[in-house]
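Atoms within each ligand, like the ligands themselves, are counted from 1 in listed order. Residue numbers start at 1 and run along the sequence shown.
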Amino acid sequence: MNRVLVDCDRLSVVLDGSRVLDNLTLQVCEGDFLGIVGPNGGGKTTLLRVILGLQKPSDGTVTVFDKEPGQSPSRTGYVPQHLVFDRDFPISVRDMVLMGRLSGKKPLQQYTKSDRERVDEALETVGMSALKSRRIGVLSGGELQRTLIARALAGDPELLLLDEPTASVDPVMKTSIYDLLDRLKKQLTIVLVTHDTGTISRHVSRVVCLNCSMVLRENPLATLSGRDIQKSYPYDVDLLLHHQESSRSLPEKS
Ligand SMILES: Nc1ncnc2c1ncn2[C@@H]1O[C@H](COP(=O)(O)OP(=O)(O)OP(=O)(O)O)[C@@H](O)[C@H]1O
């Protein structure tokens, strides 16, 4: 088995009196591309926040790179679901991506030539080089997502956590973000929170469902059925099971 990077053992998180995660046991190993699906409010973002050290567990233990969460910031890249910023603030795409090099720097320490080179590589990787001088406030949803992915990559992480990176992008940009993740998964361990249940099976190596009753079911992809995913959602979902050569729909509805 590959090295365990994230180890959640009987993790529970209670927020404002509600048990958001309940007794969750989960490992993320080096080389995994793990998809996390589940309904709105199912605790997906909370799980990422625990892994990042931004949310303390109420019960259970979590280690990330064999340490307490948050102790290895330069090894973990994060692409948040929501970015709150002033759209009029005059910061360029390149400046935003440079922030990915801040980890480990002392206050007011200058960026180096190698920081800037790494940023240009990250922009190239996500296909944003041509827009590097553009103000972030005018970017489209897909361009902003690519910028945020570049910012995460600029820190040279070993583990990349993405929270719904395709939530507000059109189908073409969605495909291109998945193409990018397919390339990145050869070098990085990836945890992807998404509602794209019909798409992810083509890309990820494993899927974890955090469902309405906050009970975790973890299945090897081969045994994850349409009914399993449908049970996690309070409404009908369309599912496609993709094999390497062909695809077929799963008509199961509970
Ligand atoms: N700081 C907080 N205080 C109280 N409740 C919170 C807090 N943060 C999150 N919650 C609640 O915890 C639950 C899980 O939230 P979380 O954002 O983890 O869900 P999610 O699965 O990522 O949802 P979505 O798919 O809508 O993004 C929600 O009901 C949310 O309102």
Side-chain angles (χ1 to χ4, degrees), residues 6-28 32-64 68-70 76-85 141-142 144-146 148-149 151-152 159-171 173-174 177-178 181 189-201 203-204 206-219 224 226 228-239 254:
V6 179
D7 195 357
C8 302
D9 186 21
R10 287 163 290 167
L11 165 68
S12 295
V13 175
V14 178
L15 293 175
D16 227 6
S18 293
R19 189 161 285 266
V20 174
L21 296 172
D22 186 17
N23 211 26
L24 168 64
T25 292
L26 166 73
Q27 290 186 331
V28 182
D32 270 353
F33 185 175
L34 177 69
I36 298 180
V37 300
N40 290 132
K44 303 178 296 295
T45 298
T46 303
L47 176 58
L48 295 189
R49 286 174 53 77
V50 169
I51 294 171
L52 288 161
L54 301 173
Q55 175 64 54
K56 289 255 176 260
S58 308
D59 212 347
T61 58
V62 178
T63 58
V64 181
E68 290 271 307
T76 309
Y78 177 46
V79 180
Q81 181 180 9
H82 301 294
L83 184 69
V84 180
F85 65 100
L144 183 59
Q145 281 303 337
R146 285 174 169 273
L148 294 176
I149 294 172
R151 184 179 68 171
L159 173 66
L160 181 62
L161 309 176
L162 303 109
D163 199 348
E164 297 189 35
T166 58
S168 55
V169 301
D170 69 27
M173 189 58 86
K174 192 180 278 194
I177 288 176
Y178 277 114
L181 295 179
T189 303
I190 300 177
V191 176
L192 169 72
V193 166
T194 183
H195 287 278
D196 289 340
T197 49
T199 311
I200 53 163
S201 61
H203 305 277
V204 299
R206 278 193 306 145
V207 175
V208 163
C209 304
L210 296 181
N211 70 21
C212 299
S213 57
M214 311 302 168
V215 176
L216 175 82
R217 291 192 304 276
E218 186 180 356
N219 297 316
L224 186 73
D228 284 331
I229 293 183
Q230 179 64 74
K231 274 195 234 155
S232 296
Y233 285 81
Y235 45 81
D236 278 356
V237 291
D238 294 322
L239 298 163
S254 54

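- Sorted by first then second residue, the salt bridge (charged side-chain N to carboxylate O under 4.0 Å, His left out) pairs that include residues 48-62, not counting sequence neighbours, number zero.
- The distance from atom OG of S58 to atom CG of L15, rounded to the nearest 0.5 Å, is 6.5 Å.
- Considering only residues two or more places apart in sequence or on other chains, R151 meets the side chain to side chain donor-acceptor pair (under 3.5 Å) condition with none of them.
- Two residues are said to be in side-chain contact when any heavy atoms from C-beta on lie closer than 4.5 Å; C209 and V37 meet this criterion.
- Annotation for N23 and S12: closest pair N-OG, 2.9 Å, computed over non-hydrogen atoms.
- A heavy-atom cutoff of 4.0 Å around ligand 1 is satisfied by the protein residues L15, D16, V20, P39, N40, G41, G42, G43, K44, T45, T46, Q81, E164, H195.
- Residues that satisfy the side chain to side chain donor-acceptor pair (under 3.5 Å) test with T166, not counting sequence neighbours, are D196.
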